[in-house]
Amino acid sequence: MSPSQYEPSAIQQGRITFRRRKAVRSVLLAALSTAIVGTLLGVLVTGAPGWDRVRQSFFDPRIAREWLPEILEGLWLNLRMLVFCALAALALGLLIAVLRTLRGPVFFPVRALATLYTYSFRGLPLIIVIYLMAFGIPGLRLEGTPSVTVLGGAAIVITYGAYLAEVFRAGIESVHPSQIAAARSLGLSYRQSMRFVVLPQAVRRVAPPLLNDTVALQKDVGLISLAGPIDAIRMAQIGVAQTANFTPYVVAGVLFVLLALPLIAVTDWVTLRAARRQNAGT
Amino acid sequence: MVLSCTDVRKTFGSHVVLDGLTLDVGEHEVVALIGASGSGKSTLLRCVNLLAEIDDGVIRLDGEDITDPRVDPDSVRQKIGLVFQSYNLFPHMTVLDNITLAPVRVHKRPAAEARDQAMEWLNRVGLADKAGSYPDNLSGGQQQRVAIVRALVNSPRLLLLDEVTSALDPELVGEVLTMIRELKGEGMTMVLATHEMGFARQVADRVAFLDKGRVLEQGPPSQVLGDPVEPRTRQFLARIIEAGRL
């Protein structure tokens with residue numbers, strides 16, 4: 001019988017009807033339980049004894065409207081920092097990861113330094129790195145010292161570079177040695193094997209964790225406010241000081257979440273695609 | 001002699017894999033290496049291709065000592081093709097890119113010329129329609145034929161085949177063996193490690209039985225496979241026949 005003539009049997013039709021009914025019931029159940037949980041949470045928060053005070057000092061719409069443009073202006077600095085720091089940290093991480101794979105006695109110091117770097121900067125709190133860079137380096141009074149914004153950005157790049165280097169290294173090590181053997185057997189040099197065979201596969205495999213670290217980085221760029229530059233958080237802080245109201249912090253928080261959403265969505269999509277491809281391969 | 005291995009020794013820790021192995025391969029000759037798992041067949045091929053460093057002895061390619069540490073291994077490997085049991089195609093590249101990678105990057109040939117040559121080969125082996133496919137979408141037999149083409153486009157002096165049909169479903173073995181038979185017809189010098197005794201008999205000029213890291217017995221297929229002198233060769237073949245019957 002050709003597929004065009006196929007009609008589901010009575011048994012199969014019964015199954016289809018049953019499954020459809022079950023699906024409808026699941027959706028209704030999900031909607032109901034969401035409504036219950038939502039109502040309970042709402043009652044819990046708004047029914048709290050201090051809710052009115054909290055609403056006034058954290059969710060004042062007038063103050064939010066007033067400070068939104070200024071905080072947005074600060075966010076523009078965060079956004080630029082994010083793009084620059086993410087790209088620079090990815091490049092640095094990749095470089096360090098590749099340096100750590102180099103073999104041969106000549107490269108021992110390079111390897112040792114790269115290892116020392118990833119060990120120390122993964123342990124060192126970002127805030128301390130920012131303080132050291134932004135206040136320590138200008139203290140040297142060298143000529144041509146860059147601004148604190150650049151120094152703060154450099155602190156973020158150095159710290160995140162150490163994390164990303166380890167992610168890249170995990171990716172490089174996950175490529176099966178037989179791939180290198182195949183590349184070398186064709187006469188490719190070690191460098192060519194890395195560049196054309198190992199790294200493309202490694203980067204594809206670790207794309208989800210790399211993007212996840214970039215999401216973490218996007219909120220940590222806010223920490224440069226500690227060094228002085230007026231970003232969204234510092235601007236919100238000024239707002240809080242002037243209005244004696246915490247609403248500007250909430251505004252800044254919401255803006256950071258909105259800024260992260262596209263990146264998070266891309267990460268989820270890439271992760272899903274990678275998982276699907278992995279399953280298709282086996 | 002295209003290839004000449006003399007007293008080759010290779011150890012992994014305290015485990016001696018090749019124990020003073022000696023083997024010569026002449027021009028246009030096809031030598032089949034047979035022997036139990038762990039007898040050193042694959043290790044020998046990896047040593048010849050300098051993927052593994054030998055611990056003693058000499059391996060010569062066209063008379064040149066390629067195991068001399070002053071020799072550039074990349075230039076040696078450019079003259080020796082190696083095909084793996086599990087194909088080892090690059091999964092992130094199309095079939096065509098897999099084949100043209102070495103011609104373009106190593107031999108610095110123009111991309112268009114390398115592509116034409118690759119397509120010619122793919123046409124010959126009936127895989128031209130797969131040029132744009134990724135290895136994942138090919139059957140094992142197709143992948144292995146691509147892997148052989150990938151080794152051949154470098155015009156190697158010597159082709160090493162490491163159990164190239166062991167990972168294949170039985171009905172796919174034939175297409176790969178046909179290709180190797182054709183290569184023999186064209187005069188390609190080959191060393192192949194194999195479990196396919198029937199194939200060794202058909203295609204090999206000489207069969208070498210490896211045992212405990214040495215060539216215990218070698219000669220024409222009819223003699224080594226049909227009327228072996230050494231008791232251990234007889235034992236090995238008896239086990240193969242028994243397994244075939246089960």
Side-chain angles (χ1 to χ4, degrees), chain A residues 90 94 97-98 101-107 167-211 269-282, chain B residues 42 45-52 72-94 97-109 134-138 143-144 146-162 167:
Chain A
L90 283 168
L94 184 59
V98 170
T101 67
L102 290 178
R103 288 162 306 176
V106 190
F107 295 113
V167 176
F168 277 120
R169 195 167 70 103
I172 290 170
E173 280 172 4
S174 79
V175 176
H176 199 270
S178 67
Q179 287 285 309
I180 300 175
R184 299 306 299 270
S185 81
L186 291 170
L188 271 76
S189 65
Y190 180 75
R191 263 185 65 173
Q192 287 173 322
S193 305
M194 280 302 273
R195 177 165 159 217
F196 298 114
V197 175
V198 177
L199 285 181
Q201 294 185 57
V203 171
R204 257 163 252 226
R205 255 177 238 183
V206 296
L210 283 178
L211 282 165
W269 179 71
V270 169
T271 310
L272 199 70
R273 214 180 51 147
R276 238 184 241 149
R277 191 178 294 167
Q278 205 120 54
N279 292 340
T282 49
Chain B
S42 294
L45 297 185
R46 293 178 69 87
C47 287
V48 170
N49 203 33
L50 306 182
L51 287 173
D72 171 24
D74 292 334
S75 71
V76 172
R77 293 192 192 107
Q78 288 164 24
K79 290 181 257 175
I80 302 176
L82 174 59
V83 183
F84 301 84
Q85 178 176 344
S86 46
Y87 340 126
N88 298 8
L89 292 179
F90 306 129
H92 62 297
M93 292 185 190
T94 62
D97 290 340
N98 262 279
I99 298 171
T100 57
L101 178 67
V104 171
R105 300 295 173 183
V106 179
H107 301 277
K108 308 291 179 201
R109 309 224 333 250
Y134 285 88
D136 277 0
N137 300 325
L138 267 56
Q143 288 192 51
Q144 193 59 291
V146 171
I148 296 174
V149 169
R150 182 174 71 173
L152 288 173
V153 288
N154 293 326
S155 315
R157 273 295 278 147
L158 172 68
L159 188 62
L160 309 172
L161 302 154
D162 188 5

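Labels below follow one simple rule: chain letters A, B, ... track the order of the sequence lines, proteins then strands, and each chain is numbered from 1. None of these values were measured; they are calculated from a predicted model.
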*Closest-packed option against chain A by number of heavy-atom pairs under 4.5 Å, given B/R150, B/M93, B/K79, B/R105*: B/R105
_Which of A/A182, A/P200, A/A183 touches chain B most, by non-hydrogen pairs under 4.5 Å_ = A/A182
*So, B/Q78 side chain and A/L188 main chain: donor-acceptor pair closer than 3.5 Å or not?*
no
*Select one option (side chain, backbone, both, neither) describing which atoms of B/L51 are under 4.5 Å from chain A's heavy atoms.*
side chain
*asked:* Under a 3.5 Å distance rule, please check whether B/H92 uses its side chain to pair with a backbone N or O of A/A202 as donor and acceptor.
replied: no
_Nearest atoms (heavy-atom pairs only) where B/P91 meets A/Q201_ = CG-OE1, 3.3 Å
*Can you check whether B/F90 reaches A/L186 side chain to side chain, under 4.5 Å on heavy atoms?*
yes
*With a 4.5 angstrom heavy-atom cut-off, could you sort out which part of A/Q192 is near chain B: side chain, backbone, both or neither?*
side chain
*asked:* Between B/L160 and chain A, with a heavy-atom cut-off of 4.5 Å, which part of the residue counts as in contact: side chain, backbone, both or neither?
replied: neither
*Determine the option with the most heavy-atom pairs under 4.5 angstrom with chain A, choosing from B/I80, B/N49, B/D74.*
B/D74
*If you measure from OG on A/S178 to OH on B/Y87, what distance do you get to the nearest 0.5 Å?*
12.0 Å
*asked:* I need the residue from A/S185, A/A181, A/S189 with the largest number of non-hydrogen atom pairs under 4.5 Å to chain B.
replied: A/S185
*Among B/N137, B/D97, B/N154, which has the most heavy-atom pairs under 4.5 Å with chain A?*
B/N154
_If I measure from the heavy atoms of chain A, does B/F84 come under 4.5 Å with its side chain, its backbone, both, or neither?_
side chain
